[in-house]
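Remarks on the structure that follows.
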Protein chains: 2
Amino acid sequence: MSEPRRRADAVRNREAVLDAAEALFARGGADGVSMNAVAEAAGVGKGTVFRAFTDRTGLLQALAERRSAPLRQAVESGPPPLGPGAPPRERVVAVLNALLGAKLDNQGLYLALEEAGGAASPYRSPSYGWWHTVLRDELARLTGTAGRADFLAHALLAAVRADLVAHLTVDERLPVAELRRRLTAYAHSVIPPEGG
Amino acid sequence: MSEPRRRADAVRNREAVLDAAEALFARGGADGVSMNAVAEAAGVGKGTVFRAFTDRTGLLQALAERRSAPLRQAVESGPPPLGPGAPPRERVVAVLNALLGAKLDNQGLYLALEEAGGAASPYRSPSYGWWHTVLRDELARLTGTAGRADFLAHALLAAVRADLVAHLTVDERLPVAELRRRLTAYAHSVIPPEGG
DNA sequence: CGACGATACGGACCATCGGTCCGCTTGGCA
DNA sequence: TGCCAAGCGGACCGATGGTCCGTATCGTCG
């Protein structure tokens with residue numbers, strides 16, 4: 001069961017690749033961030049990148065994982081309203097807004113991550129499952145049927161998808177503050193009241 | 001201003017390509033439908049495909065256009081509840097359900113269409129704009145502020161995105177009837193009441 | 001400390017894909 | 001019937017994700 005021990009240089013390189021890729025996404029946006037570019041920026045061979053992350057999707061997921069770790073931590077065990085304990089309505093809205101924030105920073109990364117189809121569909125990533133579970137469980141405390149909470153969670157997450165967010169802020173030039181306001185209003189109107 | 005007249009063989013070939021591509025998507029799903037494959041299946045050179053449709057996105061959009069023309073027609077000038085005239089709530093729900101139906105048939109096509117990023121983002125296609133306008137205008141009759149209706153329309157459309165639909169029906173094995181029920185319930189709960 | 005096997009490196013290499021180019025063919029009009 | 005613009009097709013191109021394998025390095029054990 002124990003992991004077979006990783007060599008020191010492998011660990012070091014993995015970190016370097018992660019850093020380089022993060023920088024590339026932060027700087028240029030989504031385009032131009034090819035695996036070749038990442039390897040070069042990290043000062044590492046291409047094979048090294050693929051050994052560390054299996055494929056492009058693996059790299060993107062690891063990257064997103066690292067970037068959103070604090071947020072997940074806050075949701076898992078931080079103080080309300082993000083952490084457990086707040087009334088369901090408030091917590092769901094807080095989580096959605098936090099997620100929106102993550103997509104706004106890291107636009108390039110999340111665009112790349114959600115673009116993939118087939119086996120790499122965003123819906124198949126463990127990360128999506130995690131967020132969906134959090135929302136669903138919280139919503140289940142408000143709605144009668146489980147199926148309802150389940151679909152509602154999907155719908156709410158769909159409203160903060162990276163490409164929609166990018167479209168609204170970049171193409172339509174909707175100010176971020178306004179976007180936040182609309183998302184919040186929408187979420188409030190969607191989430192059923194306390195009385196089920 | 002007049003279109004420069006198209007040669008007969010060009011028209012014929014265009015149709016052949018459309019048919020071949022449609023068949024490919026209907027049969028195999030999204031994968032394997034490369035431009036090369038389409039050209040070959042149509043019994044036509046690759047250059048011909050690109051002259052007729054400019055690029056891959058053009059082909060996909062033309063394809064989707066053709067497949068959904070009757071639906072658009074029905075929404076534009078058909079009988080209620082899909083056509084104009086029905087109460088906003090019912091019409092919006094009807095349109096969403098119709099859209100869901102279109103994504104369920106033609107899964108491969110819509111998956112391919114929504115996968116694209118960058119300049120070919122689904123949100124930049126005229127088709128999306130059209131559906132969004134329809135929903136927004138209808139919703140605007142119910143909500144106070146325009147911005148609210150606008151975002152709500154986006155959110156509702158996001159709930160029937162091809163990859164989400166595929167995830168629910170294929171991965172989660174959610175029966176189509178159940179999906180329809182949940183979508184309808186969700187839409188009803190989201191759309192503000194008449195007095196809104 | 002030396003040596004040996006497992007692990008990792010790197011970049012040449014490969015297959016595939018969307019898209020372009022251009023010499024040849026064909027349709028349509030006078 | 002002859003001319004020429006419109007169209008054809010498939011070889012070709014550049015980029016990309018992913019693989020392969022000879023070589024270098026790590027870490028351990030005697």
Side-chain angles (χ1 to χ4, degrees), chain A residues 2-18 20-21 24-25 28-63 108-109 111-121, chain B residues 2-18 20-21 24-25 28-63 108-109 111-121:
Chain A
S2 70
E3 300 294 321
R5 279 284 282 163
R6 332 242 349 183
R7 251 167 63 171
D9 52 350
V11 180
R12 203 184 329 129
N13 279 332
R14 185 192 160 91
E15 219 62 23
V17 169
L18 240 23
L24 281 184
F25 274 115
D31 45 77
V33 187
S34 67
M35 298 302 272
N36 250 327
V38 170
E40 193 174 348
V44 138
K46 209 209 272 208
T48 302
V49 176
F50 280 93
R51 181 155 338 84
F53 299 98
T54 307
D55 57 15
R56 181 180 171 79
T57 303
L59 170 60
L60 295 177
Q61 286 182 354
L63 215 38
L109 172 58
L111 279 175
L113 202 49
E114 295 184 11
E115 236 167 58
S121 158
Chain B
S2 68
E3 298 296 320
R5 280 283 282 159
R6 331 248 342 200
R7 252 166 63 168
D9 52 351
V11 179
R12 201 184 330 127
N13 278 331
R14 185 192 160 92
E15 220 61 22
V17 169
L18 240 22
L24 282 184
F25 275 116
D31 46 75
V33 187
S34 66
M35 297 303 272
N36 250 327
V38 169
E40 194 174 347
V44 138
K46 209 207 271 206
T48 302
V49 176
F50 279 94
R51 180 152 340 83
F53 300 98
T54 308
D55 57 14
R56 181 181 171 80
T57 303
L59 171 60
L60 295 178
Q61 285 181 353
L63 216 39
L109 172 58
L111 279 175
L113 203 49
E114 295 184 10
E115 236 167 58
S121 157

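Labels below follow one simple rule: chain letters A, B, ... track the order of the sequence lines, proteins then strands, and each chain is numbered from 1.
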Going 5' to 3' along nucleotides 19-30 of chain C, which nucleotides have protein heavy atoms under 4.0 Å from the base (write B), which only from the sugar-phosphate (write S), and which from neither (write -)? BB-----BSSS-
Report yes if a side-chain nitrogen or oxygen of A/T48 is closer than 4.0 Å to either non-bridging phosphate oxygen (OP1 or OP2) of C/dG10; otherwise report no. yes
Short side-chain N/O contact from B/N13 to OP1 or OP2 of D/dG7, under 4.0 Å: no
Nearest-Å distance, CD (B/E115) to P (C/dC17)? 14 Å
What side-chain donor-acceptor pairs closer than 3.5 Å can you find for residues 8-16 of chain A, not counting sequence neighbours?
unit_1 : atom_1 : unit_2 : atom_2 : d
A/D9   : OD1    : A/R7   : NE     : 3.3
A/D9   : OD2    : A/R7   : NH2    : 3.0
A/N13  : ND2    : A/D9   : O      : 3.3
A/R14  : NH1    : A/A52  : O      : 3.3
A/E15  : OE2    : A/R66  : NH1    : 3.4

Minimum heavy-atom distance between [X] and [Y], given as atom pair plus value:
X: B/A62; Y: B/F53; result: CB-CE2, 3.7 Å
X: A/L63; Y: A/F25; result: CD2-CD1, 3.8 Å
X: B/M35; Y: B/R56; result: CE-CA, 3.7 Å

Those residues at least two apart in sequence (or on a different chain) that pass side-chain contact (heavy atoms from CB on, under 4.5 Å) with A/S34 are A/N36, A/A37
